[in-house]
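Each remark here refers to the structure printed beneath this line.
All figures in this text were calculated on a predicted structure; none of them were measured in a lab. Chain letters run A, B, ... following the sequence lines, proteins first, then strands; residues in each count from 1.
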Amino acid sequence: MADFFKKLFGSKETPTQPKVIDNATTAPLSDQQISSIIASQLPKYEIKQLIAGVGQSVGKQRDHNEDSVMALTSTISGSSENVPFGLYIVADGMGGHQFGEVASNAAIRLIGGSITKKFHSFLYNMPTQALQESLQEVMEASIMDAHQYIQREAPGSGTTVTAALVLGQQVTIGHVGDSRAYAVYADARIEPITRDHSLVKRLEELGHLSQDEVDNFPHRNVLIKALGQGESLEADIFTIPFPQNGTLMICSDGLWGVVNEKDIFRIISEAPNLHRACQSLVEAANAAGGPDNITVILAQLIG
Amino acid sequence: METKHITTPFGGDDKGSGKPRQQLTSGATLVNRYSIQDVIGVGGMGSVYRARDLHFPNVVKLVAVKEMINMAPDPLVRQTIVQNFEREANLLATLNHPSIPRIYDYFSHDDRSYLVLEFIHGKDLETVISDANGFLPEDQVISWAIQLCDVLAYLHSQKPDAIIFRDMKPSNVMINHNGDIMLVDFGIAKTFQTGQKGTMIGTEGYSPPEQYRGEATPLADIYSLGAALHHAITRRDPRLEPPFSFAERPIRRINQNVSVEFEAVVNTALQYNPQDRFPNALAMKDALMNVARKTGTLDKITSALPVSSGGIKPMWDFKCEDEIRGAPTIHQGTVYVGCYDNNLYAISAADGKFQWKYPTDGGIVSRPVVHDGNIYFCSEDQRLHVISSRTGKVLWTYYTEGKIYSSPRIADGHVFFGSEDQDLHAVNATSGRAAWKFSTDAPIHSTPLIYNEMIYFGTESGSFYALDFRGTLKWRFSAKRGITSSPIIKGQAVYFASLDGTLYALDAKSGWAIWKFRLGKGTVSSPALADDYIFIGASDGFIYCVDTRTAKEVWRFKTDNQVSSSPAVFKDSIYCGSVDNNMYCLEYRTGRLRWKFETKGPVTGSPVVFDDIVYFGSTDHHVYALFA
């Protein structure tokens, strides 16, 4: 409980000052606590700047890279101010299948392509009319396009995809498979944003596996959903606020399966900038054996 | 609530009970706010009182005040105890679940600490068991068990650390007046048991084997739940039996009416080895749901719980001379509501007695707002009226060039509202002078939303505007048809619906559409929010619940005619009227009907819930007050 409290309000702020309790009427919360609670609840509409870093490595034990990545950071000029725009995609081609890298590459190009096409006139031209579809519709349509393309052009292959479309202070996520998006906060909380579509996760959710069994599950890489696989595909599509005072991390299992959360947090918080943080995360995965391709994107809204 | 009945022994060794502990007496007042009415329970560390919150002078708001007396002789220990108490109170305050009582306040004074909680009308399960003539019906126990699994799953899913309840037993389960369960006594008292490291927490008889070794895990709560269910269904108190002897008292040997399936679920929860029990509370809930389905209890559960339909009696009703289509406002014990007989009425919230009325020259659909002791509302007579809430006398009025259906919103010393004259008006709230007007292309019926120094509203042509406080356009969005629905905001998304049959979620800052949800038909209803859900009615007769993250429908509930009323959320229910004459109360997570109340005319106005009472007007000319 003490830990919970500490984490809840930031470890620096635990009110441990000795108080004389006799005849004292205790105040419920310190000013610091109140201000941190308010800060977390009231999103400020100040202009923020979006920054991002990317890291990638083939790893130590594979000879070719089946991961693909796209990171695009810009702003869209609005009528009164500039709105941050970011498109971050990680795809991990399925190793057991032929053309794993073809599938992941196609996913990045098609999803990245159709989303940027929608925003082309806002990014590179003078828009004449507002976007007709909602952000979630754009995300879903682009994922379905890629799914059908892979089925048609590279039958038998498949890929994970985790895509984040940042517009203003909202992130619209499209997700299939077991690449992951996380919110990494300054107080060492690392919260998963996505849920793996994997056999091991499913069994865990159904309560068939203990944590120990989860960690030692022999078929950890078996997916129950993948882009390009199966007739119908339902991707997870949702929109969340960009992590407040935190970092959005998208990565393939070459990172999350190898480096533990504590080390991930330590590396991000110790690095001088996001590019270095990405580099160090990749190095850490390689240092731990580098059994798989490693891809990571880190993004922050600053200012 | 928190009923440790005086006759019930408090679990564990009651150390230091030799000292006299003075109980507060009826009439005593704590921190000039909580007037003690009665002792409702006695625990090992102090008493639990029923008290009235004097901050609500015009209504009787009851709270439960739990007292903990700090008897540690060592000042350092005393201090730690108070800190622990405060920490736990803070933790509890972060919990939000319909089966967990709300924490309102806490404070320490001299050697006592107090926790102020929601007062629950009802009985604890232990009393229910002992008062029953014979066995409790199985479907009743299963429905409670399902709710208990829900609340345990909620506690166990808390991050970063699961909260282990540790003391699941019938006396910690309250059954409220709706027949739903509430989990009480979150072990705050236990932090007051001083200087006993590794104290076994929990009540003998209900505790699992491993708890005696100091282990507390979610699986321990599952065991205790099994023990509590065993007690409830067999009426054999495990505290009077040897520990872990449930297997020697097979349920069906004691109570033949219990199904084999339910017995199996309880037995699984009561397995000696934690790994042989249900892996988590949700798995146990699933198993219970399966039992309910198999034995046909599920239908009984869902249909047995609603209090009644049509059998609901209003607390009071008040007759006006024409239709009521707007929503009331409650302020300091008075209900203010506008009517199509051109009057604004002030009615006593407690008994529905007429206080005064104020005539305008047009029908009133606008919802009044109380600000600085004055009431602001608009009328079809094209005016914003400001009258004194004390006397009902006019202070000033402000003319626009069209009828006004929009409700005023007050922020930063200004009143904001839209008019049929196509302008959004910003008027100084004290002087009544116009600050600015913003001209649009169509009449404005939507009520503006003011948030973070921004103003959001829709127009009858389908435009949706975002202005800053100076009346400068920040962005504009176009729906395909009119927007009468009033926007609502959460986080960074603003939500509203349109007559084009779409529920929109836009980024509040930039106006980009995050998602669109198709309703069966257009709507003028305004959305309401709770947790990750958004609720709205539509003219296809449905009340919808949509997930705000994924834009997926969670449930929909069919009424027999259009829904123009806007839903109101209170605790775990939503309330919404329909043109089929009814006011509906639905459980908001499932859309299950709790009750409905039929008036003699379509209910197009929106309800307001305050202090467990629903207030709304109907086109049958009546204002109603119902128990929520």
query = For A/F122, is it the side chain, the backbone, both or neither that has a heavy atom under 4.5 Å from a heavy atom of chain B?
reply = side chain
key: A/E234 side, atom CD; B/K552 side, atom NZ - distance, nearest 0.5 Å   = 5.0 Å
inquiry  = Given heavy-atom pairs under 4.5 angstrom as the criterion, report whether the side chain, backbone, both or neither of A/I240 touches chain B.
reply    = side chain
query = Quick check: are there more than 12 heavy atoms from other residues, nucleotides or ligands sitting under 6.0 Å from NZ of A/K118?
reply = no
Heavy-atom contact with chain B under 4.5 Å, split by part of A/E191 = neither
key: A/Q136 (side chain) donor-acceptor with B/R549 (main chain) under 3.5 angstrom   = yes
Closest-packed option against chain B by number of heavy-atom pairs under 4.5 Å, given A/L165, A/T172, A/L167 = A/L167
request  = Taking only Lys NZ, Arg NE, NH1 and NH2, and the carboxylate oxygens of Asp or Glu, determine whether A/E140 and B/K516 approach each other closer than 4.0 Å.
outcome  = no
query = To the nearest 0.5 Å, what is the distance between CD (A/Q170) and CG (B/L506)?
reply = 10.5 Å
query = Is it the case that more than 12 heavy atoms not belonging to B/N32 sit under 6.0 Å from its CG atom?
reply = no
query = Taking the six-membered ring where the residue is Trp, are the ring centres of A/F119 and B/W512 under 6.0 Å apart?
reply = yes
